[in-house]
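Report on the structure given below.
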Amino acid sequence: MTTIELRPDQPFDLDLTLACGQAFRWEKTDGWWQGVAGGRAVRIRQDANRLTFEGGDAGFVRDYFQLDQDLNAILSSIDRDPAIGAAVRECRGLRLVRQPPWECLISYICATNTNIPAVKRRAALMAERYGRPVDGPFGRTYAFPEPEALGAVSRADLWDCKLGYRTDYVHEAAGYATEYPDWAERIAALPFEEARETLMRFRGVGPKAADCVLLFAFGFFEAFPVDVWIRRIVRETYLSDLTGKNCTPPEYERIRRFSRDYFGEYAGYAQEYLYCARGPARRPQ
DNA sequence: CGCCAGGTGGTTT
DNA sequence: AAACCACATGGC
């Protein structure tokens, strides 16, 4: 059991951070968040300025929750009008977590045209069946399966993890990442737009999924994923001339470039705060 | 039953 | 390039 004191001038809200739908392998039970992150089974809770956890060292926790980012400075930089200001007030303390690229990529391939509980179910099924067992502070759990493991699974068995039509995309990505284990390092070394284009070469990864992986795994904080919620919010608040029902490619480009210019280099934080403040499921339990 | 959810790929205009 | 359309799944 480890405890770290949070700096009072650096806000952090563990509940918002883990409940907002950016990462899919955390559950809260009996006041503790339990999850597997980076192959470690972690159990963690927050009491005011105190973080208590088992299963990872302080360095891991600081890195995963990006506690060394100056959140107040980031929030000041995006807080440009009353609308985003309300989201910032409501969700202050929400931090973007630094996810492993492979898990993040597969999670967001599994997140197309579906909802968050379904994505969590898919990730849990893949992990329980094909992930490495990890004995941690809350019993045995399973790490997110490595590319080789998922690549070795038959299509039928992957289908059985409720992946639906995304089955082939996951299988193909696993094959590619097995053949090119440095795929993530190569993307991390690229400038933002090139990294984005490279991610979109994975079948099943379009603009939205690519932006999520860039933001949540690679630390490109200018990435601005546009899902149905964000499109709705941006249309109602900033780009009222937008019309139509679904988001066409030119519309997606317009929304993400406007948002990048308007909110600045941490536009991704603005996206997550607007998403978190959208309404449903803001806080767990 | 229909509609929606952290969309994308393939095909046809 | 733009417009359609299919797509598995589960909650409501």
Side-chain angles (χ1 to χ4, degrees), chain A residues 16-26 87 91 94-97 99 101 103-126 129 153-173 176 196-218 220-237 242-256 259 267-282 284:
Chain A
L16 287 175
T17 298
L18 291 181
C20 69
Q22 52 176 327
F24 300 102
R25 298 214 58 217
W26 291 95
C91 301
L94 166 65
R95 284 176 181 270
L96 298 181
V97 302
Q99 300 185 39
E103 174 177 344
C104 190
L105 175 70
I106 296 304
S107 296
Y108 281 94
I109 286 177
C110 292
T112 62
N113 198 28
T114 188
N115 50 36
I116 290 171
V119 182
K120 293 173 83 168
R121 188 174 313 115
R122 292 174 185 131
L125 283 171
M126 284 188 281
R129 295 178 182 179
V153 179
S154 73
R155 255 99 167 172
D157 287 341
L158 268 187
W159 183 274
D160 213 42
C161 296
K162 308 301 181 187
L163 303 194
Y165 63 88
R166 310 160 190 84
T167 295
D168 282 352
Y169 306 153
V170 171
H171 198 265
E172 282 178 26
Y176 183 88
R196 192 168 185 270
E197 288 166 16
T198 306
L199 275 171
M200 287 173 61
R201 291 196 205 117
F202 285 98
R203 224 154 60 94
V205 177
K208 154 64 169 60
D211 285 331
C212 284
V213 177
L214 291 165
L215 181 61
F216 300 136
F218 286 103
F220 286 103
F221 298 105
E222 69 204 274
F224 194 88
V226 182
D227 59 35
V228 292
W229 295 99
I230 289 297
R231 179 180 184 273
R232 201 170 295 155
I233 292 164
V234 171
R235 184 187 57 199
E236 288 170 1
T237 312
L242 283 184
T243 175
K245 192 174 180 301
N246 48 351
C247 191
T248 64
E251 257 190 32
Y252 192 106
E253 281 301 293
R254 178 158 173 234
I255 293 172
R256 82 169 176 106
S259 303
Y269 263 93
Q271 190 273 2
E272 203 55 18
Y273 271 72
L274 291 172
Y275 184 84
C276 183
R278 93 203 100 113
R282 257 198 311 281

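All chains are named by letter (A, B, ...) in the order of the sequence lines, taking the proteins before the strands, and each is independently numbered beginning at 1.
Comparing B/dT8, B/dA5, C/dT9 by their nearest atom to the side chain of A/T112 picks out B/dT8. In the set C/dT9, C/dA8, B/dT8, the nucleotide with an atom closest to the side chain of A/A209 is B/dT8. Proximity note for A/N113 (side chain, C-beta onward) versus C/dT9, C/dA8, B/dG9: the nearest is C/dA8. Nearest to the side chain of A/T248, among B/dG7, C/dA3, B/dG10, sits C/dA3. In this structure, of B/dT8, B/dA5, C/dA8, it is C/dA8 that holds the atom nearest to the side chain of A/R166. Taking the side chain of A/W159 as heavy atoms from C-beta on, and the options B/dA5, C/dA1, C/dA8, the nearest nucleotide is C/dA8. With distances taken from any side-chain atom of A/P250 to the nucleotides B/dG9, C/dA8, C/dA2, the minimum falls on C/dA2. The side chain of A/R121 lies closest to C/dG10, out of C/dG10, B/dG9, B/dG7. Side-chain proximity of A/P207 to B/dG7, B/dG9, B/dT8: nearest is B/dT8.
Within 4.0 Å of A/P117, counting heavy atoms only, lies no atom of the nucleic acid at all. Within the 4.0 angstrom heavy-atom criterion, only backbone atoms of the sugar-phosphate kind lie near A/R232; the bases stay farther away. Among the heavy atoms of the strands, none lies under 4.0 Å from A/V226. Note on A/A111: only backbone sugar-phosphate atoms sit closer than 4.0 angstrom, heavy atoms only; bases stay farther off. Using a 4.0 Å heavy-atom distance criterion, A/F202 is classed as a sugar-phosphate-only contact. Within the 4.0 angstrom heavy-atom criterion, base atoms lie near A/E272. Residue contacts for A/K162: at a heavy-atom cut-off of 4.0 Å it reaches the sugar-phosphate backbone alone, with no base atom in range. Here A/G21 lies in heavy-atom contact (under 4.0 Å) with a base.
The OH atom of A/Y165 sits 10 Å away from the C1' atom of C/dA6 (whole-angstrom rounding). Separating the CG atom of A/L105 from the C1' atom of B/dT8 is a distance of 14 Å, rounded to the nearest angstrom. In this structure, A/K208 atom NZ and B/dT8 atom C1' are separated by 11 Å, rounded to whole Å. What separates CG of A/N115 from C1' of C/dG11 is a distance of 7 Å, to the nearest Å. Put simply, CD on A/E253 is 13 Å from P on C/dA1, counting in whole angstrom units. Rounded to an integer number of Å, the gap from OH of A/Y169 to P of C/dT9 is 14 Å. A straight line from CD1 of A/I116 to C1' of B/dC4 spans 14 Å, rounded to a whole angstrom. Remark: P of C/dA1 and CZ of A/R254 are 19 Å apart, rounded to the nearest angstrom.
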- Task: Starting from the C-alpha separation in whole Å, work towards a yes-or-no answer on salt bridge (Lys or Arg N to Asp or Glu O under 4.0 Å) for A/E103 and A/R25.
- Result: CA-CA 10 Å; A/E103 174 177 344; A/R25 298 214 58 217; 5.1 Å; no

- After noting the C-alpha distance and the side-chain angles of A/L96 and A/F216, does the key distance pass the side chain to side chain contact (heavy atoms under 4.5 Å, CB included) rule? CA-CA 7 Å; A/L96 298 181; A/F216 300 136; 3.9 Å; yes

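For A/M200 and A/C212, each mapped to the nucleotide of DNA chain B holding its nearest heavy atom, the one lying further toward the 5' end belongs to A/C212.
Nearest approach of A/C110 to A/M126, heavy atoms of both residues: SG-CE, 3.9 Å.
Contact check, A/R231 against B/dG7: no side-chain N or O comes under 4.0 Å of OP1 or OP2.
The gap from the P atom of C/dA2 to that of B/dA5 amounts to 24 Å, rounded to the nearest Å. When the P atom is compared between B/dT11 and C/dA8, the two are found 15 Å apart, to the nearest whole Å.
Note on ring orientation: taking the six-membered ring where Trp is involved, the planes of A/Y165 and A/Y169 are perpendicular (angle over 60°, cut-offs 30° and 60°).
When side chains are defined from C-beta on, A/R232 does not count as touching A/R278, because their heavy atoms never get closer than 4.5 Å. Side-chain contact check for A/Q22 versus A/L94: some heavy-atom pair is nearer than 4.5 Å.
A donor-acceptor pair under 3.5 Å is absent between the side-chain atoms of A/T167 and the main chain of A/L163, judged by distance alone.
The base of B/dG7 is not paired with the side chain of A/Y252 by any donor and acceptor separated by under 3.5 Å.
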